[in-house]
Amino acid sequence: MRKQIAAANWKMNLTYQQGEALLDDVLDERIKLQPHQQVVFAVPFPYLIMTNSGLSDEKNYFAAAQNCSDKKAGAYTGEVSVEMLKSIHVGYCVIGHSERREYFAETNQSLAQKTVLCLEQGITPIFCCGEPLAIREAGTQNAFVETQLQESLFALSSEQITGVVIAYEPIWAIGTGKTASTEQAQEMHAFIRSSLTAKYGAELADDISILYGGSVKAANAKELFACPDVDGGLVGGASLVAREFVQIIRALK
Ligand code: PEP
């Protein structure tokens with residue numbers, strides 16, 4: 001069975017102490033994960049070491065960065081390289097979240113570079129894709145998402161693509177309280193898998209986890225994750241509340 005993942009995206013929220021308390025509250029639940037289930041905490045850079053040490057005794061729990069540089073190293077003040085993340089044993093990195101695309105002008109091309117750098121260091125990229133509201137209303141969301149995949153991922157080899165996790169996050173559903181319906185989520189996830197199949201073959205496409213993101217909460221996680229092509233979620237707001245995120249983890253199939 002392919003990996004089923006509950007990924008928390010704390011964004012630029014919580015002090016260090018609040019983050020530590022939240023992590024403890026989630027871990028205190030002692031949720032028993034199946035071997036194919038994983039929990040990921042995408043935390044602010046300065047909290048990565050704390051998160052990693054908090055998770056050191058936990059199997060199938062990982063710390064993630066929310067971003068990385070598209071450059072290897074050098075005179076790029078304020079940037080954080082993938083090699084730096086690797087040196088503190090970060091397991092995952094979110095790539096191309098829509099907030100980074102929108103507010104920091106990240107392009108499909110720079111995201112392709114970030115993805116390759118992560119794969120070279122053995123860090124699993126959680127590659128985000130998804131359409132804005134105007135594209136959904138025009139009914140051209142499939143073509144929009146396919147271009148994101150083609151321009152950022154489809155130069156990867158078969159071996160490389162198996163190391164990628166994809167997160168479909170319709171922008172109109174992020175932080176808005178408006179969730180995609182299970183039909184909308186399943187339809188897009190199936191479309192993404194069919195694009196992967198066309199490029200890499202069915203066997204490989206079947207192994208790639210595709211997470212849904214966009215106002216996932218305890219009340220809707222089970223229904224969304226039950227869709228055959230939805231392999232868990234990337235969760236913003238609800239991941240900041242321990243009892244919500246715990247329920248979301250428990251909703252993994
Ligand atoms: C996200 O941050 O990726 C996200 C989906 O946020 P929210 O769950 O708050 O919509």
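Whatever order the structure lists them in is the order used to number ligands and atoms, beginning at 1. The figures that follow rest on heavy atoms only: side chains count, while hydrogens, waters and symmetry mates do not.
The six-membered or imidazole ring of F225 lies away from that of Y212, with a centre-to-centre distance of 6.0 Å or more.
Remark: distances from the non-hydrogen atoms of G214 to ligand 1 include one below 4.0 Å. Proximity of A173 to ligand 1 is established by a heavy-atom distance of less than 4.0 Å.
In the hydrophobic clustering of this structure, V26 groups with W10; members are Ile, Leu, Val, Met, Phe, Trp, Tyr whose side-chain heavy atoms approach within less than 4.5 Å, directly or through other members. Placement of V164 and L85 within a single hydrophobic cluster is found when ILVMFWY residues are connected by side-chain heavy-atom separations under 4.5 Å, directly or transitively.
At the shortest separation from atom 2 (O) of ligand 1 among protein heavy atoms lies K11 CE, 2.6 Å. Regarding atom 3 (O) of ligand 1, its nearest protein heavy-atom neighbour is E169 OE2, 2.6 Å. In terms of protein heavy-atom proximity, atom 9 (O) of ligand 1 is nearest to G237 N, 2.8 Å. Shortest contact from atom 8 (O) of ligand 1 to any protein heavy atom: G236 N, 2.8 Å. Atom 10 (O) of ligand 1 has as its closest protein heavy atom G175 N, 2.6 Å.
Between L204 and L196, every side-chain heavy-atom pair lies at or beyond the 4.5 Å cut-off. Side-chain contact check for F41 versus L55: some heavy-atom pair is nearer than 4.5 Å. For the pair F191 and D229, the minimum side-chain heavy-atom distance is 4.5 Å or more.
For K114 (side chain) and I95 (main-chain N/O), no donor-acceptor pair under 3.5 Å exists by modelled atom type.
The contact set between ligand 1 and N9, taken as ligand atoms under 4.0 Å from a residue heavy atom, comprises 1 (C), 2 (O), 3 (O). Atoms of ligand 1 lying under 4.0 Å from at least one heavy atom of G213, given by number and element, are 5 (C). Distances below 4.0 Å separate heavy atoms of S215 from the following atoms of ligand 1: 7 (P), 8 (O), 10 (O).
The heavy-atom pair separating N108 from R101 by the smallest distance is OD1-NH1, 2.8 Å.
Heavy atoms of I174 found under 4.0 angstrom from ligand 1 belong to the backbone as well as the side chain. If you look at H97 next to ligand 1, the close heavy atoms, those under 4.0 Å, all belong to the side chain.
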